[in-house]
Amino acid sequence: MSTVEVVVHADEDTAARDAAERLLTALAAAQAARGLASVVLTGGGIGIAMLREVAASARRDAVDWSAVEVFWGDERFVPAGDAERNDAQAREALLDALPLDPARVHPMAASDAPEDAGGGDPDLAADVYAKTLSSAAVRLGGEGAIPAFDVLLAGCGPEGHVLSVFPDSPAVHAAAAGVVAVRDCPKPPPTRVSLTLSAARHAREIWLVAAGSGKAEALARAQGGASEVDVPLAGLRGTERTLWLLDQEAAAQL
Ligand SMILES: O=C(O)C(O)[C@@H](O)[C@H](O)[C@H](O)COP(=O)(O)O
């Protein structure tokens, strides 16, 4: 597991822009090394802001988007196209503007999807996504049923949640599972599907992008040795690199 590298920017916009430029560089490098590149997207304010920065970047075409596999780290279990869905927000911010191969874009199931695609039941949706990941692991490499994602992006909450893994919740205790259903989530909407921390840790690189004073305490606790049960962010480490891209307010207590 890698140690945490921290990069502090003046403000949220600069952090989002830096994350976007780094993502373009990392995906192009992964393609040079392995042909296919893979990224796990996140919801949240800065997670979507950085996708807008990728869309606006002059270096956008440095990546062969037809050879990028797109996944989500978590999803809100609401109907397809609902504005609360992370995939709907990502499509609007960036994905619709890219020449992606639709067969390489892997959203988690919507609540109104057909049953065999994981609709109606978040546990079923989690199982379907676990199968998506295990077939992707064959193409992308990785140990067992989870791909070695090139970059997994994450935001965090004021209490240290990442993905939809909340402190002392069933998801943080589900160490053996790769993908789980989340119910009664403290952050609305209440029903979600999420990668577990152990699945996320298969990523080569994990980048946390966070801004604002509301995140400062959680970041300090994660860096100060809190357990992942208390502060899930503490358990989010990539195999090769863990990078925190922050603004000054978020970094204030480090
Ligand atoms: O679906 C979601 O809500 C998430 O993926 C979640 O983990 C998010 O990244 C953080 O809660 C940070 O969100 P903000 O940037 O909006 O604070």
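Model, not experiment: these values are computed from the prediction. Note that ligands are numbered from 1 as they come in the structure, with each ligand's atoms numbered from 1 the same way.
- For the pairing with S164, the side-chain hydrogen bond (donor to acceptor under 3.5 Å, both in side chains) check across E75, R192, K187, R76 returns one residue only, R192.
- Every atom of ligand 1 is numbered from 1 in the order shown, and the set under 4.0 Å from a heavy atom of R192 is 1 (O), 2 (C), 3 (O).
- Where the criterion is an N or O separation shorter than 3.5 Å, residue side chain and backbone included, G43 meets it with respect to ligand 1.
- Of all the listed residues (L163, I46, V209), L163 holds the heavy atom that lies closest to atom 7 (O) of ligand 1.
- Between the side chain of S213 and the backbone N or O of E249 there is no donor-acceptor pair closer than 3.5 Å.
- Look at D123 and R183 and you find a salt bridge, because one of the NZ, NE, NH1 or NH2 atoms lies within 4.0 Å of a carboxylate O, short of that distance.
- Under 4.0 angstrom from ligand 1, the non-hydrogen atoms of C156 all belong to its backbone.
- When only non-hydrogen protein atoms are considered, atom 8 (C) of ligand 1 lies nearest to K187 NZ, 3.7 Å.
- Heavy-atom proximity to H161, at under 4.0 Å, picks out these atoms of ligand 1: 6 (C), 7 (O), 10 (C), 11 (O).
- For Y129 (side chain) and H106 (main-chain N/O), a donor-acceptor pair under 3.5 Å exists by modelled atom type.
- Contact annotation: G47 has no heavy atom less than 4.0 Å from any atom of ligand 1.
- Of the charged side-chain nitrogens involved, at least one lies within less than 4.0 Å of a carboxylate oxygen, so that R201 and E228 count as a salt-bridged pair.
- Using a 4.5 Å heavy-atom threshold, the side chains of S169 and H161 count as separate.
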Practice item. List the steps, then state whether salt bridge (Lys or Arg N to Asp or Glu O under 4.0 Å) holds for R60 with E53. Key: CA-CA 9 Å; R60 192 170 107 176; E53 296 292 347; over 6 Å; no

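- Residue N86 has at least one heavy-atom neighbour below 4.0 Å for each of these atoms of ligand 1: 1 (O).
- Residue G157 has no nitrogen or oxygen atom sitting less than 3.5 Å from a nitrogen or oxygen atom of ligand 1, judged on distance alone.
- Which parts of ligand 1 touch D74 is read off a 4.0 Å heavy-atom cut-off, strictly below it: atoms 1 (O), 2 (C), 4 (C), 5 (O).
- The G45 neighbourhood of ligand 1 comprises atoms 14 (P), 15 (O), 16 (O), with distances under 4.0 Å to a heavy atom of that residue.
- With a 6.0 Å radius and a threshold of 12 heavy atoms from other residues, nucleotides or ligands, E115 has its CD atom at or below the threshold.
- Of all the atoms in ligand 1, the ones that sit under 4.0 Å from a non-hydrogen atom of T42 are 5 (O), 9 (O).
- Listed by number with element, the atoms of ligand 1 under 4.0 Å from a non-hydrogen atom of K215 are 14 (P), 15 (O), 17 (O).
- Checked by distance only, ligand 1 and S164 stay at 3.5 Å or farther apart across all their nitrogen or oxygen atoms.
- Within the structure, ligand 1 lacks E75 among the residues with a heavy atom less than 4.0 angstrom away.
- At a threshold of 4.0 Å, the pair D96-R91 does not count as salt-bridged, since none of the basic side-chain nitrogens sits closer than that to a carboxylate oxygen.
- Closest protein heavy atom to atom 3 (O) of ligand 1: R76 NH2, 2.8 Å.
- S38 and R139 share no side-chain donor-acceptor pair at under 3.5 Å.
- Close approach of ligand 1 to G44 (heavy-atom distance below 4.0 Å) involves ligand atoms 13 (O), 14 (P), 15 (O), 16 (O).
- In this structure, Q31 contributes its side chain and D64 its backbone to a donor-acceptor pair below 3.5 Å.
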